[in-house]
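Quick notes on the structure that follows.
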Amino acid sequence: MRRAAWVGLVGLAAFVVAFVFLLAFSLALPQIAFAAPPIRLWHAYRGDEEKALLEILKGWQGGAVEVLALPSDALDSKLASASLVGEGPDVFIAEHHHVGEYRARGIVVPVGDAFEGDAAFIEPAVRALRDGADMWGVPLSPKCTALFVNDALVTKTPEDIEGIAELAGTLPPGVFPLVYEARNTYAHAALFGAFGGELLGKDDQFGLTGMGAEASLALARGFIVKGAVPDDANYNILKELFKAGKAAFVISGPWLAADLGDARDLKYHIEVLPKVRAAGQPMRPLLTVESAMLTKPGAQKPAARALAKLLASRESAELRARVARSLTARADVPIPEGDAMLRAFAEQAKVAVPMPSSQAMQAVWEPANRAISKVLRGDAPPDVALTEAKRRFDTVRRPLPPPASPAPFLIVFGVGLLLLVLTWVRGARRGDFTAELKRSKPAYAYVAHSVLAVGALVVAPLAVGAATSFFAGNLFGETASRRFVGLANFIDILTAQGGSLLATGSFYVVLLVTLLWTFVNLFFHVTIGVALALLLSKPMLRMKAMYRVLLIVPWAVPSYITALVWKGMFDRQFGAVTGLILGLNELFGFHMEPISWFAKFSTAFTANVTTNVWLGFPFMMVVTLGALTAVPQDVLEAAEVDGATRWQRLWRVTLPMIRPTLAPSITLGAIWTFNMFNVVNLVSGGDPDGTTNILVTEAYAWAFTREAKYGYAAAYSVLIFLMLLGFTRWGEWQKRRSEQRERELRAKEVTA
Amino acid sequence: MASVVVRDLHKKFGETHILKGVSVEVPKGSFAVLVGPSGCGKSTLLRLLAGLEVADGGAILFDDRDVTRLEPRDRDIAMVFQSYALYPHLSVRENLAFGLKLRKTPAAEIEKRVKHASAMLGLDTLLDRLPKALSGGQRQRVAMGRAIVRRPSLFLFDEPLSNLDAALRAQVRVDIRKLHDELGATSVYVTHDQVEAMTLADVIFVLNKGVVEQAGHPLEVYARPKTRFVASFLGSPAMNFVEVELARDGTAWVAVGKNGLRFPFDGKPFEGRLEDGMKTTLGVRAHDVEIASSSSTYRTTDSQSVPLGVTLVEALGTESFVHGTLGGSSFVARLDAQTGAKKGDTLDLWFKSLHLFDAETGVSLRKEP
């Protein structure tokens, strides 16, 4: 026994050493593996702009550069998550207004000597990136939207935007007078700007309120009602419509010009945005300055700083102007003669409003987007929607809870620890303790490595996450306002921040939605799964094997792929469901309207449920199939002889007999559905207005889209965990109680 | 209670022809046993009577009512399965009440019948238990109770004692017969155990390879088997068979076999069926032999004894089974315990009674009465 124990211990030690070594090695690999690791450059360019960037890099002499191209929203989220683990880029290209948020998250640092100096750049660009004495990025290219005009459809641009809208009816059928991303706050800001409004007011207050904002929204809604503007165009739709000649005017930025590069036969030109008659002022789009920024590790590398400097240099600016026709932020690069597009954008930039880079700006988008969506759908009047938006903004921006003293918690924790130790000591005092310990040594050796693995991979993150819930504020970064707040986060959540318990976005509303979600899904999972299993277990069915495989496929395909495919199918404009409706209309002469799935709670919820049911029924089916094999044939025959019809046999014999097997599966299914993040996030994304959010997606939003409130989100997660724990414990308790009852009954009989 | 008539029933499973034209008549109120070796089709026949299988040809009539195509629930039958087939999720009381509940019997009636059956079978203390908390014998009784409460026209038993231990089997066998008599029921009982068949049956049907080889009262079938198979199937130990040739000796007949077997016998029971030089199988039951001695009552003039070479003696106290060879075949004789036979001895035996079967077809050569 002894020898085996020693061997076990040595083996364990060797494993631990190897594990630690591998871990350290892999973490240090980037640094030690290569003499000079490549500089990592991330960007969100496409088309000609990407071409320009790569050409610039061709002239770079300072060592290897690893370039990563990402879609713009992916760039944002990848930056956040990668920087947390030090896997982020050294240099990245993003729009200037993100600086505030990145600063708060500790992602970026001042660029230092990568900035050539004030004189080299135009003033608005420098202003957008400066804070005090520090430059937080090097300006590359100012971007704003302007008016694209399809020359084949119109010869003269009307004086104001109302005039453009009035063109409706005079254009060929199916052609919109104006297409812009109406639901997008960024695009709407141009209209709002004509009324003199700014998205972020003084002292970082919510700016989209007041008469001007309401007027701009009423105007936009008017356009949609008139049919002059499509109500839910996103960038892709806008691009396709313009390319196909279905839009006379579109409002978009130089990125559209880059993307239109391949549409050779499209005749268009670019102008400054028109006036707004109702405001008497021209539209004022937001100005964003594309900049190269440095991350903390990047700023420490001279080569990275030099690369950033190169990207903003005169030569690069000239190259970009030539290859990608992008406007430059440099003061010393003239606009190429005869380039009407660049001239138009340059003119527009003069009246554009630089997007605020305050961290508060981050909190503007979600409420503003929702309010605009609501108004444009006609679900609410502008004043109601905007009041709601301001309330949401204030909720996210509200001051952090005051720091609390950790003393009471430490005391409780300490006492708990003490009690634990005391019980251990008491247990150890037992006579046979050392003998038992010795006997168990080999067992400990066997179990040790899995305990370590589970501890490191499961328990530790759980504990850290739970601990995070006791903190608030920015947990990382230079503006670390991290503070211990005790149970303040939990109290905030459970009291719905002092507001009405049933206001939208409150914990209880989301909990109700989650419970409804879980229940409805489970119902369909179980009924469909059991029904299919019963069908598949019929010996008469041919090609059973083929059906079984086909029916497993939904479960086998990764859930996020499924979710994205279904989301596409539910798209009102291009989705397969709409196609089905239109097809049925044609075939049977119905007049069904294509449904805008994500415009209403009921339809968005249905879309989510459909996707999740498709995903989840195979699990129930497989479990039921297994359970059915355990139902003996002769019991069913006995029931048949006793007089049961097929339905009665199913209901009174088969189902009760498989229930004990189904019960744990249903519990599992309930927990998985309760926490089904992928489907809700990817299919409806919480639309409309976050009403279809379930608890996990709400927690995610708090952590990753609403100003990094990690503590708050962690508290959400702890609450979810406690609820599910309670649920399973209750189930256990029920089972134990019924077993106890049965045992008592039997005991009574024996003594009777 | 119903009578059961089966006419020329056929049943195939895929290519296998299980029942090849079976006809059976069970009078009202009688206890019929279907007996035969594995694979003979007795269980299939029972399941066809129950309606759990559909016949490929032929007819089944309960009391002149054609039920061949009826569902089990419309046949007014109750069945006791070999594995009892109790509903595992229901208590004993609920098991008993199940069929009645399905037919919407009023609760008071259900209560009465359940009480009655429970008293009959001694289940009163077990009513609230689940089947998993019962012993094999108890489960058996619940299965029977479940059939009894239904008060059907016909009871069907599918080898209900096979899963019980030997001691219990004997006891429950008696209980089943008693129950049948008390209820005045018509029962059809399937078993492969010929002891059960002999003790329980009012009428016995011996099946082999999908046909009924013989039907009749157990003692009748025992004493006058119509085929070699039936003769060998009933009786324990099994009937001894010896290949012999027949020879005439004046008016008497002699069975001549190997190893000096030469036994004259009375040809009257076989009148008209015997031929000189015919090859037959001689069948003698173990208890139909006697040690040859001058005081034997079966001795006829000119009779000769038959030698048995003893190879093994099983002494049971009251009797002994003496194994050996006779006429070149193995032979078992049941003799008094006092014979004092030992291995290696040669005993001279008389046959108190014998059977003759055609050597090829196995059909009995006994004259039909």
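Treat the numbers as computed from the prediction; the structure is a model and nothing was measured.
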Counting only pairs under 3.5 Å, give me each side-chain donor-acceptor contact of residues 622-636 of chain A, with atom names and distances, residues two or more places apart or in other chains.
unit_1   : atom_1 : unit_2   : atom_2 : d
A/Thr624 : OG1    : A/Met620 : O      : 2.6
A/Thr629 : OG1    : A/Gly626 : O      : 2.5
A/Asp634 : OD2    : B/Ser83  : OG     : 2.0

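Rounded to the nearest 0.5 angstrom, B/Arg73 CZ and A/Arg646 CZ are separated by 11.5 Å.
With a 4.5 Å cut-off on non-hydrogen atoms, B/Leu86 touches chain A through its backbone but not through its side chain. Both the backbone and the side chain of A/Glu640 come within contact range of chain B, with heavy atoms under 4.5 Å apart.
Nearest heavy-atom pair across B/Pro72 and A/Val641 is CB-CA, 4.1 Å. Heavy-atom minimum distance, A/Ala639 versus B/Phe98: CB-CE2, 4.2 Å.
Interface with chain B: from residues 649-665 of chain A, residues A/Arg652, A/Val653, A/Pro656, A/Met657 qualify, criterion being any non-hydrogen pair under 4.5 Å.
Note on B/Leu102, B/Ile77, B/Asp158: by heavy-atom pairs under 4.5 Å with chain A, the leading option is B/Leu102.
Crowding of B/Arg7 atom CZ: a count of heavy atoms from other residues, nucleotides or ligands under 6.0 Å not exceeding 12. For A/Gln648, the CD atom sits in a packed shell: over 12 heavy atoms of surrounding residues, nucleotides or ligands are nearer than 6.0 Å. Atom CZ of A/Phe677 has more than 12 neighbouring heavy atoms from other residues, nucleotides or ligands inside a 6.0 Å radius. Counting heavy-atom neighbours within 6.0 Å of B/Asp124 CG, excluding the residue itself, gives a total above 12. The 12-atom threshold is exceeded at CZ of B/Phe13, counting heavy atoms of other residues, nucleotides or ligands nearer than 6.0 Å.
The stretch residues 133-154 of chain B participates, sequence neighbours left out, in these side-chain hydrogen bond (donor to acceptor under 3.5 Å, both in side chains) pairs: A/Asp642-B/Arg150, B/Asp76-B/Ser153, B/Ser135-B/Gln138. Under the side-chain hydrogen bond (donor to acceptor under 3.5 Å, both in side chains) criterion, the residue pairs touching residues 11-20 of chain B are B/His10-B/His17, with sequence neighbours excluded.
The shortest distance between side-chain heavy atoms of A/Glu637 and B/Arg47 falls below 4.5 Å.
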